[in-house]
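Lettering follows sequence order; numbering is per chain, from 1. Quick caveat, the model's predicted, so the values are computed rather than measured.
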Amino acid sequence: MDSTTTAAGTLSPFAKDLHLGNSLSREKERFEPYNPPYVGMYVCGPTVYSNVHLGNVRTFLTFDVVYRYLIHLGYKVRYVRNITDVGHLTGDTDDGEDKIGKKARLENLEPMEVVQRYTNDFHDVMRVFRILPPSIEPTATGHIVEQIAMIEKIIENGFAYEANGSVYFDVRKFAESHHYGELSGRKIDELQNQTRALDGQDEKRDPLDFALWKKADASHLMHWPSPWSEGFPGWHLECSVMSTKYLGRTFDIHGGGMDLKFPHHECEIAQNMGAHGPEQPVRYWLHGNMLTVNGRKMSKSEGNGFTPEELITGNHKLLEKGYSPMTVRFFMLQGHYAGTLDFSNPALQAAEKGLERLMGAWGLLADLKPCESGEAAPDLAALRARAYAAMNDDFNTPVLIAVLYDAVKVVNSVAAGRMVLNAEGIDTLRALFSDFAADILGLEQEVAGGAGDGDRTDGLMEVICTLRSEAKANKDWATADLIRDRLTELGVQIKDGKDGTSWTFD
RNA sequence: GGUCUGGUGGCCGAGUGGCUAGGCUCAGCUCUGCAAAAGCUGCUACAGCGGUUCGAAUCCGCUCCAGACCUCCA
């Protein structure tokens with residue numbers, strides 16, 4: 001699925017009803033792109049100094065669904081998600097050292113080796129969870145020149161100053177003519193007392209000021225020449241630079257995790273306005289909420305984060321068993337992105353069972369036989385309208401999933417011969433699953449082992465089921481049950497239906 | 001201390017001024033050789049206290065509780 005395959009330039013009639021929860025206004029607003037049918041979307045990507053955990057995955061999944069839905073509606077979306085490969089100060093030591101650089105020294109690796117390793121890991125994880133790659137995935141180190149240019153502009157406009165080779169954003173000065181703190185609801189005077197002593201604090205005119213450029217000391221492995229010093233860019237700057245470069249000074253959607261709202265996103269706005277003028281750079285700010293574990297935020301520092309590998313294998317002290325990536329994807333989509341979601345074994349198991357039922361019905365859909373004489377079928381068009389209504393209501397995936405379960409009941413009833421549908425009805429159901437379950441939610445059947453050998457497996461199973469049916473016909477229950485029990489042990493479920501026996505893999 | 005979010009049935013999790021969320025679990029029923037699957041039914045829900053209203057879980061106020069952010073974090 002990509003934007004070029006959508007109907008040429010035609011927007012779905014449902015597109016006009018899309019509403020987004022805008023963090024900036026704190027209200028649900030109707031989505032009106034700046035320049036339809038084009039949509040620009042920027043999402044803060046990972047800092048590649050360690051493996052991503054599930055909390056990170058949740059955010060990228062959230063915006064994956066946003067991306068998929070916008071494309072489905074017919075928008076031409078340019079989705080930019082950056083890779084932060086330089087620029088974040090370390091928090092625990094307060095020495096202002098670059099995270100990537102620090103990690104590199106510890107492991108005796110080149111900084112870019114670290115970056116590459118964890119970028120690869122990140123991409124692997126995205127693939128496992130079926131999260132689509134963005135249109136552009138720019139890196140901070142690839143945009144040093146642009147970052148320097150933006151700093152120069154901000155200085156030129158009087159909102160930044162140089163001190164001892166470093167450059168700081170002048171928050172007080174900016175706040176005289178702009179609303180600093182609008183996004184996060186923070187008031188500048190209250191922030192004043194809260195900042196604690198960071199490196200270079202003495203160079204700042206005000207504790208609130210944040211770094212645009214930092215002079216590198218001898219311990220730094222990553223540094224670049226600039227008009228001010230040999231150094232590195234501040235950690236808010238890259239997103240301002242790259243969003244502007246690829247999406248323009250005004251663009252539609254900016255996404256990221258809730259924890260980036262302040263200071264990161266607030267600083268981004270200040271930088272954009274400081275460089276380009278007073279217009280809001282972003283029309284709709286979307287913030288995904290945190291994934292919690294036993295009520296606590298999952299984070300690197302808490303040590304309560306699962307890596308995807310631990311999750312799949314179940315090899316973690318908080319996990320009772322392993323869960324497939326699709327189960328986790330489905331689990332996350334059963335909650336709304338703007339609310340916290342608690343990760344627990346019972347919840348995962350519920351999602352696993354629920355997904356199985358959904359997928360089971362979806363599988364049956366392929367073989368459903370139409371019946372033209374069918375009596376009044378359920379109103380399947382209404383089902384589709386409800387699906388759109390759910391997504392249009394700020395991407396309400398849990399409600400969409402509830403709609404899909406209504407479809408599951410119809411499918412199962414038809415498959416069991418309790419209900420009949422004409423061809424049109426079946427097509428409507430198929431389109432519903434194909435559009436909403438597959439394209440928009442990104443759910444797909446997980447193939448069990450032995451992939452690529454499907455025909456032979458089918459043939460073998462057919463033989464086995466035939467033998468068992470004969471045993472049943474002869475009332476040879478012992479043989480029939482033996483076959484079933486042995487298959488169950490092997491992870492093959494036997495289901496006796498009215499029209500014969502079907503089977504599924506675990 | 002400041003800013004903000006949330007407290008929904010056994011569990012997870014939507015939603016809303018009056019109309020079934022949904023999933024999972026559990027119990028019963030239908031179907032079935034049995035089981036599984038599937039379908040149906042049920043499992044007394046909206047933190048507490050006030051207020052507004054014909055009517056509030058949904059709006060307002062207060063209280064309690066939890067979490068996030070204020071410092072790197074999706």
Side-chain angles (χ1 to χ4, degrees), chain A residues 26 43-47 49-50 52-63 84 87-94 99 181 184-187 189-198 235 255-264 287-292 295-302 305 330-331 334-336 338-358 360-361 364 390 393 396-406 408-409 411-413 415-419 472 475-477 480-481 484-485 488 493-498 502 504:
Chain A
R26 294 171 179 77
V43 172
C44 294
T47 304
Y49 65 91
S50 66
V52 293
H53 64 246
L54 257 354
N56 304 308
V57 170
R58 187 186 183 201
T59 297
F60 300 128
L61 171 61
T62 292
F63 293 102
T84 297
H88 283 204
L89 309 179
T90 49
D92 29 15
T93 57
D94 279 354
K99 259 187 178 160
S184 55
R186 294 209 159 58
K187 295 185 180 60
D189 291 318
E190 287 162 358
L191 286 168
Q192 185 76 327
N193 311 318
Q194 304 305 134
T195 34
R196 87 180 163 160
L198 285 167
W235 51 279
M258 206 70 110
D259 47 357
L260 294 183
K261 215 185 216 180
F262 188 91
H264 183 60
H287 285 99
N289 216 320
M290 299 296 102
L291 188 65
T292 59
R296 301 223 153 246
K297 175 187 172 185
M298 183 181 284
S299 74
K300 285 169 185 168
S301 46
E302 290 262 342
F330 183 69
F331 164 72
Q334 276 188 303
H336 188 254
T340 55
L341 180 67
D342 199 54
F343 206 81
S344 67
N345 283 291
L348 262 306
Q349 273 156 34
E352 190 172 57
K353 294 287 294 286
L355 180 62
E356 201 176 301
R357 197 159 77 85
L358 186 74
L364 290 174
D393 185 16
N396 198 328
T397 53
V399 170
L400 171 58
I401 288 170
V403 172
L404 289 176
Y405 275 108
D406 282 347
V408 164
K409 281 188 183 166
V411 172
N412 284 333
S413 295
R418 280 187 299 268
M419 189 190 283
K472 282 173 65 182
K475 298 203 189 300
D476 180 2
W477 309 129
D481 290 352
R484 185 174 65 197
D485 292 347
T488 301
Q493 304 306 320
I494 290 294
K495 297 172 189 171
D496 292 335
K498 276 204 163 57
S502 65
T504 55

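Side-chain N/O atoms of Lys353(A) include none lying less than 4.0 angstrom from OP1 or OP2 on rC12(B). Between rG23(B) and Arg357(A), a contact under 4.0 Å exists linking OP1 or OP2 to a side-chain N or O.
For Asn396(A), taking side-chain heavy atoms from C-beta onward, the closest of the listed nucleotides rA74(B), rG15(B), rC70(B) is rG15(B).
Classification of the Trp235(A)-His264(A) ring pair by plane angle, with boundaries at 30° and 60°, yields parallel.
Residue contacts shown for Lys409(A) are limited to sugar-phosphate atoms, with no base heavy atom under 4.0 Å away. Looking at heavy-atom distances under 4.0 Å, Leu355(A) makes no contact with the nucleic acid at all. Counting any heavy atom pair closer than 4.0 Å across all strands shown, Gly181(A) reaches no nucleic acid atom. Residue His53(A) is classed as a base contact, given a heavy-atom separation below 4.0 Å to a base.
What separates OH of Tyr49(A) from P of rC73(B) is a distance of 8 Å, to the nearest Å.
Judged by distance alone, with hydrogens and angles left aside, Arg186(A) brings a side-chain donor or acceptor within reach of the base of rC69(B), the pair sitting under 3.5 Å.
Arg58(A) places a side-chain N or O within donor-acceptor distance of the main-chain N or O of Asn289(A), the cut-off being under 3.5 Å.
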Would you tabulate the nitrogen or oxygen pairs shorter than 3.5 Å linking the protein to nucleotides 5-10 of chain B?
none

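Base pairing in RNA chain B yields stems of at least 3 consecutive Watson-Crick or G-U pairs, both distances under 3.5 Å, namely B:1-7 with B:64-70, B:10-12 with B:22-24, B:26-30 with B:38-42, B:47-51 with B:59-63.
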